[in-house]
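Some notes on the structure that comes next.
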Amino acid sequence: MEAQMLNLQSPLSRKLTAFVALSDADLATLARFDRRRKTFHSGHEMIHEGEVNASAYILSTGWACSYKILPDGDRQIVDFQIPGDFLGLRSILFRTADHTVEAITRIEASEVLEPDLLDAFANAPRLATAVLWAASRDEAMVVEHLVNLGRRSAEERMAHLLLELGARLHLVGLGDEAGFDCPLTQYHLADALGLSAVHVNRVLRRLREDGLVTFQKGRVIVDAPARLRDLAGFDTAYLDQTGPLLR
């Protein structure tokens, strides 16, 4: 029971229980995902685009990013991963990785192999439903990122991304919309938002001068949450974090 109580406080458990109230049996199955814990240093490619039969991972500590490299060498970051997120889940289900996953900081992650996932789906249907919810939530975030790139101004993109990160971190107990530690560089933000690093610097300065948000020394502080939400048109409904649907 003590191990299950500890597992209930893991970032992944906190995230999944936002949708499904997990039983002791579900938590025991989830704990088995943590058998192959590994450490990766910043810059390490955990999954490479085009890799066949790649493993998936569950991020326990640190930050990672998923991206694609264009033929001209430009990088488009698709999303940032934080503790509690799956890395490369499609790499198992698609058999061939369709993107690269790289550690932004030193991270700890648990390797998940295809049999682990399929056994969990077969033996713990509520847990399988929760994992499906997590994957659907990731897809909803990608839709918002697409809107960011296609229709929002540079300031709106930045505001929306920072608010989303705050909400996601709050769910796993690592921050909230008012503030959070953030290891992202201007180059990470540029590659995620379709901007140059110079433009990112200007945008962050304008948001700071307008009293909306301050991003300095690895810390994001939202100075005026309501005004920043209005600027971004930010609605947390797509994150579906209002409480368990299945109890």
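Heavy-atom basis, side chains included; hydrogens, waters and symmetry copies ignored.
- Ile107 CD1 to His41 NE2: the interatomic distance, rounded to the nearest 0.5 Å, is 10.5 Å.
- Closest non-hydrogen pair, Leu30 versus Ser13, comes out as CD2-OG, 3.2 Å.
- Residues that satisfy the ring pair (Phe, Tyr, Trp, His ring centres under 6.0 Å) test with Trp133, not counting sequence neighbours, are Phe19.
- Not counting sequence neighbours, the partners of Asp223 by the side-chain contact (heavy atoms from CB on, under 4.5 Å) test are Thr214, Ile221.
- Contact detail for Ala232 and Ala159: the closest heavy-atom pair is CB-CB, 3.8 Å.
- For the pair Ile69 and Thr100, the minimum side-chain heavy-atom distance is 4.5 Å or more.
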* So Asp240 and Arg137, salt bridge (Lys or Arg N to Asp or Glu O under 4.0 Å) or not? Walk me through it. -> CA-CA 7 Å; Asp240 195 33; Arg137 182 173 176 266; over 6 Å; no
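- Heavy atoms only, all atoms of each residue included: Asp85 and Gln81 are closest at OD2-CA, 3.4 Å.
- Inspection of the Arg126 and Thr129 side chains reveals no N or O donor paired with an N or O acceptor under 3.5 Å.
- A continuous path of hydrophobic side-chain contacts links Leu27 to Phe86 [ILVMFWY only; heavy atoms under 4.5 Å].
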* Mind running salt bridge (Lys or Arg N to Asp or Glu O under 4.0 Å) on Asp119 and Arg32 for me, showing each step along the way? => CA-CA 11 Å; Asp119 287 349; Arg32 290 197 285 273; over 6 Å; no
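- Residues Ser55 and Glu111 share a closest heavy-atom pair of OG-OE2, 2.6 Å.
- With sequence neighbours excluded, the residues forming a side-chain hydrogen bond (donor to acceptor under 3.5 Å, both in side chains) with Arg35 are Asp116, listed by chain and number.
- Remark: Met46 CE to Glu102 CD distance equals 10.5 Å, nearest 0.5 Å.
- Listed by chain and residue number, Phe40 satisfy the ring pair (Phe, Tyr, Trp, His ring centres under 6.0 Å) test with Tyr57 (two or more places apart in sequence, or in another chain).
- Under a 3.5 Å cut-off, the side chain of Lys15 and the backbone N or O of Arg168 do not form any donor-acceptor pair.
- By the side-chain contact (heavy atoms from CB on, under 4.5 Å) test, Glu51 is found to be paired with Ile47, His48, Ala54, Ala97, residues two or more places apart in sequence or in another chain being considered.
- Across His160 and Tyr238, no two heavy atoms sit closer than the pair CE1-OH, 3.3 Å.
- Between Phe80 and Trp63, the ring-plane angle classifies as tilted under the 30° and 60° cut-offs.
- No donor-acceptor pair closer than 3.5 Å links the side chain of Asp210 to the backbone N or O of Leu212.
- A donor-acceptor contact under 3.5 angstrom links the side chains of Ser23 and Asp26, judged on distance only.
- The other residues sharing a hydrophobic cluster with Val142 are Val78, where clustering joins ILVMFWY side chains under 4.5 Å apart.
- A donor and an acceptor atom, one from each side chain of Asp34 and Ser110, are located under 3.5 Å apart.
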* Please test Leu171 against Arg14 for side-chain contact (heavy atoms from CB on, under 4.5 Å), starting from the C-alpha separation and ending with a verdict. => CA-CA 7 Å; Leu171 183 65; Arg14 292 179 67 128; over 6 Å; no
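- Leu184 and Leu195 fall within the same hydrophobic cluster, defined by Ile, Leu, Val, Met, Phe, Trp and Tyr side-chain heavy atoms under 4.5 Å apart, directly or through other members.
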* Can you list the steps and then say if Val220 with Val213 is a side-chain contact (heavy atoms from CB on, under 4.5 Å)? -> CA-CA 7 Å; Val220 173; Val213 64; 3.8 Å; yes
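- Rounding to the nearest 0.5 angstrom, the gap separating the CE atom in Met158 from the CG atom in Leu189 is 4.5 Å.
- No continuous path of hydrophobic side-chain contacts links Leu59 to Val172 [ILVMFWY only; heavy atoms under 4.5 Å].
- Once rounded to the nearest 0.5 Å, the distance linking CG of Leu89 with CG of Leu117 reads 6.0 Å.
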* To do: Let me see the working for Val112 and Ile58 under side-chain contact (heavy atoms from CB on, under 4.5 Å), right down to the final yes or no.
  => CA-CA 7 Å; Val112 179; Ile58 297 169; 3.8 Å; yes
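- The pair Glu139-Arg90 does not count as a salt bridge, with every side-chain nitrogen at least 4.0 angstrom from each carboxylate oxygen.
- The closest donor-acceptor contact from the side chain of Arg157 to the backbone of Arg152 lies under 3.5 Å.
- Minimum heavy-atom separation, His99 to Ser66: CD2-CB, 3.4 Å.
- Without hydrogens or angle criteria, Thr96 side chain to Gly50 main chain gives no donor-acceptor distance under 3.5 Å.
- Cluster annotation: Val222 is connected to Leu162 through the hydrophobic network of ILVMFWY side chains, with a link wherever side-chain heavy atoms come within less than 4.5 Å.
- Distance CG/Leu165 to NE2/His170: 14.5 Å, rounded to 0.5 Å.
- Note: the hydrophobic cluster containing Ile82 also contains Leu174 (ILVMFWY, side chain heavy atoms under 4.5 Å, direct or indirect links).
- How far CD of Glu156 is from CG of Leu193: 12.0 Å, rounded to the nearest 0.5 Å.
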